[in-house]
*Asks:* 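Starting off with a structure, shown below.
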Amino acid sequence: MLVPEREKARIRTKDRVITREYSINDEYRSLGLGKTYFVKTYGCQMNVHDSENIKAILEQMGFEEASCMENADLILLNTCAIRENAHNKVFGMIGRIKHMKEDNPNIIAGICGCMAQEEGVVKEILDKYKWLDIVFGTHNIYELPKILKKAMSSKKLEVEVYSCEGDIIENIPVKRDSKYKAWVNIMYGCDKFCTYCIVPYTRGKQRSRNPKDIIKEVEKLKKDGYKEVTLLGQNVNAYGKDLDINYDMSNLLSDTAQTGIERIRFVTSHPWDFTDEMIDIISKYENIMPYIHLPLQSGSNRILKLMGRRYTKESYLELFRKIKEKVKNVSITTDIIVGFPSETEADFNDTLDVVNECKYDSAFTFIFSPREGTPASKMDDDISLEEKEKRLYKLNKIVNMYAKEANEKYLNKVVKVLLEDYSSKDGSTLMGYTDTMKLVNVKAPISKLGEIVDVKITNVQSFSMDGEMVE
Ligand code: SAH
Ligand code: SF4
Ligand code: F3S
């Protein structure tokens, strides 16, 4: 048994990160034959992509994907720890699985992902949920066959969670959700330690993948017919800083663009490391999409300082304007936290000022949620939940107004959309995203699935648009 320890997860060493190749022992390859699995994913794109790896590993072991949780022999919850409600959802689901296991004790049930990296969560599992079968973390997904075999033969809870990150493992198999767009990790972990955030503890030290491995993956995706890649990391702008070659995010964007893949996106951009070179490269290449997610968190300099974000309202606005000016037709979205400890009405108004100035294409807004072990969770918080909800409501109204306004500019325009899926059950409408990441429901023949087509926008709402394909 290996349980996570927060004190260890906080440590950052200067040790070189080693890159290793994934492999699976033959002894694990038939373990799942005749059995089915179901993976339920919570949280961000990073988790979505990890689930794609987990599914492929399970299929190497002979498991087949079940159509729903109720039909599965193996259930894994790939969890998120970012806010309290993410936690609550998972514990609610664990309760449901308990009933299923009472009816059918042969079900194997497990927890992985960011909550599994939390000391407190694993203690609670060991205390109250001993009937679970496996717990593993974000650092050892590649060890799933070994852990599963142990649990299946011991019939006891196996907990294998590393507190520290370890090596980068290349070539973990992947079962992608889409045939047209793909997630590509470019780095793991985060060293920013924003005071409210749990991610540096659950995902470990920043580790950039080697550029050649990333480019190789993109080239392979292109060859396999993929139209779009999204480069993933908790703060992609810091890519390369931990490598001992002189190579950064602007170099990676430029090399990825030169593979000729049709669409390139990247998330998430911390304003701190956003360089002029990056802006130049984004504006230079047509296949780098004009869409940037640029989290603000707060518009108050006092709160930004307490959050450890290392930029000011003024420097954020300067960056924002620079991007708007240089990247043609760019859409910019953001994340905002309201009700950070000690946030006053005046601080909140500073946030509204920035929103009114930036008129974001859209924004994800959250009420501050204290996360165990983070500095912000120990700060004095004297604002009532009622007040925080009032602020969130007010902010959302403004955010939605600007989102609708931004979408209205698209009415009657012709835009490019990658048709990625059906949007209605009868198959008469498809859906996809514009270059600028606007969701569009498109009237188009099914044969066009997977293609980037011209679409005339016929109707807009705050969160989506309707359109018709034009030949
Ligand atoms: N790496 C990204 C953020 C990833 S988490 C970045 O730095 O921008 C996604 C969003 O969740 C954050 O941008 C933040 O707005 C929100 N968030 C993170 N921790 C939170 C907390 N403790 N309470 C409320 N919202 C939080
Ligand atoms: Fe969390 Fe900050 Fe890292 Fe984003 S940059 S993951 S908010 S610590
Ligand atoms: Fe959640 Fe972990 Fe992502 S905490 S937001 S799943 S990195």
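Positions are given from 1, in the same order as the sequence printed here. Predicted, not measured: the structure shown is a model, and the values here were computed from it. In each ligand, atom 1 is the first atom listed, and ligand 1 is the first ligand listed.
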*Asks:* Determine whether any heavy atom of R309 lies closer than 4.0 Å to an atom of ligand 1.
*Replies:* yes

*Asks:* Please write down residue, atom name and distance for the protein heavy atom closest to atom 1 (Fe) of ligand 2.
*Replies:* C197 SG, 2.3 Å

*Asks:* Please identify which atoms of ligand 1 are closer than 4.0 Å to at least one heavy atom of R83.
*Replies:* 11 (O), 16 (C), 17 (N), 23 (N), 24 (C), 25 (N), 26 (C)

*Asks:* For ligand 2, indicate whether the residue P200 contacts it via side chain, backbone, both or neither (heavy-atom separation under 4.0 Å).
*Replies:* side chain

*Asks:* Number the atoms of ligand 2 from 1 as they appear, then name those within less than 4.0 Å of a heavy atom of F193, with their elements.
*Replies:* 8 (S)

*Asks:* Closer than 4.0 Å to some heavy atom of N47 - which atoms of ligand 3 meet that?
*Replies:* 6 (S)

*Asks:* Does some non-hydrogen atom of V199 fall short of 4.0 Å from ligand 1?
*Replies:* no

*Asks:* Below 3.5 angstrom, do we get any N/O pair linking Y196 and ligand 1?
*Replies:* yes

*Asks:* Contact between N235 and ligand 1, counting heavy atoms under 4.0 Å?
*Replies:* no

*Asks:* In the protein, what heavy atom is nearest to atom 21 (C) of ligand 1, and what distance, to one decimal place, separates them?
*Replies:* S369 O, 3.6 Å

*Asks:* Any idea which atoms of ligand 2 are less than 4.0 Å away from a heavy-atom of C194?
*Replies:* 2 (Fe), 5 (S), 7 (S), 8 (S)

*Asks:* I need the atoms of ligand 2 closer than 4.0 Å to a non-hydrogen atom of C190, numbered in the order shown.
*Replies:* 3 (Fe), 5 (S), 6 (S), 8 (S)

*Asks:* Considering heavy atoms of the protein only, find what lies nearest to atom 5 (S) of ligand 1 and give residue, atom and distance to 0.1 Å.
*Replies:* I82 CD1, 3.6 Å

*Asks:* List every atom of ligand 2 that sits less than 4.0 Å from any heavy atom of V199, numbering the atoms from 1 in the order shown and giving each element.
*Replies:* 6 (S)

*Asks:* Show the atoms of ligand 2 that are less than 4.0 angstrom away from any heavy atom in R309.
*Replies:* 2 (Fe), 7 (S)

